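Keep in mind that what you see is a predicted model, and the values were worked out from it rather than measured. Excluded from the calculations below are hydrogen atoms, water molecules and symmetry mates; all remaining heavy atoms, backbone and side chain alike, are included.
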Amino acid sequence: MHAKWLDGYYRTLAVALLICISLALPAAAAPAPLALGAPDAPTAERIAGFTADKSAWERDWEARLQALPDPANCRKNSIALTEHPSLVGSDWDWRNVEYSLAELRSYGLEPELKTYTVYMSLLRSVQVEMVAPDTYAARTKENAWPWQGHFEDVVDGYVAYSPSGEVTADLVYVNYGRPEDYAKLAEMGVDVAGKIAIARYGKVFRGVKNQVANEHGAAGLILYSDPAADGFIQGPVYPDGPWRPADGIERGTTLYLFNYAGDPLTPGWAATEKAHRLDPADAYNIPHAVPTTPLSYGDAAKLLQAIGGPEAPVEWQGGLKDARWADYGGTPFTYHVGPGPARVHLKLDIEYQIKPVWDIVVKFPGSKYPDQWVVLGTHRDGWTYGTGDSNGGFVMMMELARSLAELQKQGWQPERTIVLAGWDGEEYGQLGSTEWAEEIGQQLGKNAVTYIELDSAGAGVNFWAAGVPSLDNLIRDVTREVEEPRAPGQSVYEDWVERTGQPVPAIDRLGGGFDYEVWIDHLGIPTIQMSFDYPGAGNYHSTHDDLYFAERWGDPGYLHHAAMAKLAGITAMRLASADIMPFEYSNYAGEVSGYLAELNARLKTQHPDSALSFERELAQACAWGVAATVLEARTEAILEGNSSIPPALSRQVAFINERLMQQERDRTQPKGLPDGPWFRHVIYAPGLYTGYGVQYLSALEDSIAAGDWAKVRNYAALLNNSLTVATNTARVAGARVK
């Protein structure tokens with residue numbers, strides 16, 4: 001045995017022991033989610049998951065890849081795709097399809113166009129008027145700037161899938177529109193029933209705000225972006241800076257994505273031309289009751305300032321109270337909650353049609369395992385120009401496609417197939433990605449290795465990542481390989497450490513609101529997300545997400561577009577050609593143990609009379625961690641002990657790889673979760689009242705919050721079964737290693 005391998009073996013066994021020790025801790029001292037297995041810097045001679053000879057081969061091709069992405073080419077495609085609007089289903093959307101297909105073919109590739117027909121909302125007209133105590137007609141679109149082309153084709157500010165409606169009612173300020181905000185209003189004696197609620201964006205997904213407004217009987221809902229979050233309070237506003245100006249309107253979808261993503265009429269199956277479709281009245285991810293529309297904070301200020309009633313709590317006061325509002329032509333004021341005397345007439349006319357969405361897919365076939373796919377995806381559509389969101393991802397993806405095509409011409413071929421996809425209709429509710437994945441879900445469920453989400457990935461300058469814990473170290477390793485454009489001579493990883501102040505930068509977990517939902521939540525495929533973030537979010541879903549913003553504040557010079565093409569390319573190449581897939585489930589088991597320990601402690605503190613506990617599930621997570629640790633140590637021995645995989649071990653290694661892929665699937669329930677059958681993942685999912693944000697063990701959390709102990713027991717049993725299956729999968733794979 002190699003001494004280096006022995007060190008690794010005992011280190012990983014120690015990690016498993018930490019998991020087990022956590023079971024013996026008193027509930028009050030339960031640990032936070034454990035971030036186990038902090039990575040050592042990768043050695044130059046061998047890449048995680050690769051033998052020595054294969055590592056040398058891989059590093060050679062990675063070096064060639066890094067020389068290929070061209071910022072100038074990214075800029076050319078960005079201008080071509082976003083000098084006009086890019087709204088899903090529009091004529092401009094189709095023109096972008098034609099341009100992209102032609103460009104990809106010019107690289108020597110054979111792109112595939114996949115068309116789905118989905119139920120889509122189309123704005124006819126929107127009207128918001130204050131009728132008392134004064135009159136005021138709100139604007140429904142931003143001011144145009146000379147550099148913005150085809151501005152007349154930009155859709156007015158609205159939220160997709162809002163019901164049509166006309167209502168006149170008193171206005172009530174509901175802060176962020178969360179359940180706790182309505183509870184606070186009830187304490188203050190304020191009833192929202194029959195009123196129009198006005199809520200600031202933030203904290204929770206806008207679809208959640210609509211649902212909660214409906215639960216409290218609101219007759220309508222107005223959303224606005226408060227300057228405290230992304231306006232002048234943060235800094236200079238567009239066009240003088242990157243923050244939201246007074247006329248900026250945040251569009252978006254109000255689809256109930258916490259019920260299911262994708263086409264509202266085909267949940268769980270693809271929206272092909274001849275697909276069976278639900279009656280729209282039965283589509284339970286569409287809001288049916290509360291007309292909802294967004295306003296700019298400049299127009300919302302007129303309404304909020306006219307609200308009387310009790311003064312809003314201190315923590316509800318926003319940026320329009322700040323004296324700096326006067327510098328932008330406003331009158332600072334104290335927020336009140338109402339109801340009235342501000343009275344508003346809200347009228348929405350929204351049409352629904354079956355319309356096409358167009359996905360663009362390019363494949364780089366694998367030489368050895370062509371049926372196993374590493375899929376990279378980002379959406380093409382934007383609410384307005386979409387230069388950052390998400391053509392900052394799609395333009396980068398186009399450049400990655402060109403770079404991989406160049407590698408092919410030099411003789412490179414991955415062992416597993418790499419798939420690059422440009423999804424349509426993400427902004428309305430992950431339409432294109434969900435339908436594509438649902439159509440071939442059985443195939444993906446068996447053979448997809450990983451999904452890599454690249455939404456807006458090249459649109460900013462600060463690296464950020466999320467994903468399942470098993471791939472944390474892969475992300476960190478890859479960021480060590482690419483130079484940070486803002487700091488020549490420094491890697492993306494080094495810059496990441498410096499910016500975060502963390503010796504090992506944290507990687508977030510996956511919630512909702514991205515195209516990855518169908519992959520992780522529905523199909524149980526290991527998923528990661530990588531992006532260079534905006535320096536500010538002041539252009540989000542507004543007309544200010546344009547070329548002017550991108551080239552001044554988003555990614556000047558398109559250097560991070562090119563850097564992300566390198567990062568995404570290396571990540572895909574490693575997953576596609578690894579001898580043994582670099583999934584580390586000991587990390588995963590450690591985090592799940594932490595979630596359960598923390599939840600167990602809270603259960604005993606908040607519900608001391610409950611006889612329930614999660615000791616059984618915690619013990620099973622420990623068992624999974626031990627099995628995963630043993631498997632990882634044994635596979636490491638194979639990689640360390642052989643310069644290349646000998647033919648005698650090839651079937652054994654293939655079996656191990658299948659089991660490594662299977663362990664993420666093991667955390668899904670094939671029939672779905674009882675309260676949300678489209679969602680199958682028992683660990684990660686968006687919460688019912690969070691939407692975007694991840695909620696660990698969400699089914700348990702929501703059931704405990706509702707006090708439904710029968711459901712808590714049911715979900716705990718499902719979780720325990722999932723952990724048991726994952727443990728057995730790891731044990732069987734470990735037993736095959738000789």
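For Glu110, the CD atom sits in a loose shell: 12 or fewer heavy atoms of surrounding residues, nucleotides or ligands are nearer than 6.0 Å.
Shown here are the side-chain contact (heavy atoms from CB on, under 4.5 Å) partners of Asn721, two or more places apart in sequence or in another chain: Gln669, Val725. Taking Glu406 as the reference, Lys409 meet the salt bridge (charged side-chain N to carboxylate O under 4.0 Å, His left out) condition, with sequence neighbours excluded. In terms of the ring pair (Phe, Tyr, Trp, His ring centres under 6.0 Å) criterion, residue partners of Phe463 (sequence neighbours excluded) are, by chain and number, Trp496, Phe532. Residues passing the ring pair (Phe, Tyr, Trp, His ring centres under 6.0 Å) test with Phe614: none are found, sequence neighbours excluded. Here Glu494 pairs with Gln490, Ser491 under the side-chain contact (heavy atoms from CB on, under 4.5 Å) rule; sequence neighbours left out. Gln529 meets the side chain to side chain donor-acceptor pair (under 3.5 Å) test with no other residue; sequence neighbours excluded. Ala576 pairs by the side-chain contact (heavy atoms from CB on, under 4.5 Å) definition with Val374, Pro414, Arg416, Ile418, not counting sequence neighbours. The ring pair (Phe, Tyr, Trp, His ring centres under 6.0 Å) test applied to His561 returns Tyr558, not counting sequence neighbours. Residues forming a side-chain contact (heavy atoms from CB on, under 4.5 Å) with Pro686 (at least two apart in sequence, or on another chain): Glu517, Asp521, Phe679. In this structure, Trp464 has no ring pair (Phe, Tyr, Trp, His ring centres under 6.0 Å) partners at least two apart in sequence or on a different chain.
Checked by atom type and distance alone, the side chain of Glu399 pairs as donor or acceptor with a backbone atom of Asp70 at under 3.5 Å. No donor-acceptor pair closer than 3.5 Å links the side chain of Gln430 to the backbone N or O of Ala261. Side-chain atoms of Ser390 come within 3.5 Å of backbone atoms of Ser456 as a donor-acceptor pair (strictly under, hydrogens ignored). In this structure, Thr378 contributes its side chain and Leu454 its backbone to a donor-acceptor pair below 3.5 Å.
For the pair Ser577 and Glu58, the tightest heavy-atom approach, listed with the atom from each and the gap, is CB-OE1, 4.1 Å.
If you check the side chains of Gln662 and Asp666, you find a donor sitting under 3.5 Å from an acceptor. No side-chain donor from either of Ser613 and Asn600 sits under 3.5 Å from a side-chain acceptor of the other. Looking at Gln410 and Trp61, their side chains never bring a donor and an acceptor atom within 3.5 Å of each other. Checking His560 against Asp555 by side-chain atom types alone, a donor-acceptor pair falls below 3.5 Å. Under the 3.5 Å distance criterion, with hydrogens and angles disregarded, a donor-acceptor pair is assigned to the side chains of Gln620 and Thr727.
Counting only residues at least two apart or in different chains, salt bridge (charged side-chain N to carboxylate O under 4.0 Å, His left out) contacts with residues 642-661 are absent. Note on residues 625-667: no pairs pass ring-ring contact (aromatic ring centres under 6.0 Å, His included), not counting sequence neighbours.
Just one residue in the list Tyr516, Trp519, Phe514, Trp373 forms a ring-ring contact (aromatic ring centres under 6.0 Å, His included) with Tyr451, and that residue is Trp519.
In this structure, the side chains of Leu575 and Leu474 come closer than 4.5 Å at one or more pairs of heavy atoms. Side chains of Tyr588 and Glu664 form a contact here, defined as non-hydrogen atoms less than 4.5 Å apart.
Ionic pairing of Glu484 and Arg499 is not present here: no N-O contact between side-chain nitrogen and carboxylate oxygen is shorter than 4.0 angstrom. A salt bridge does not link Lys566 with Glu481: none of the charged nitrogens is closer than 4.0 Å to a carboxylate oxygen.
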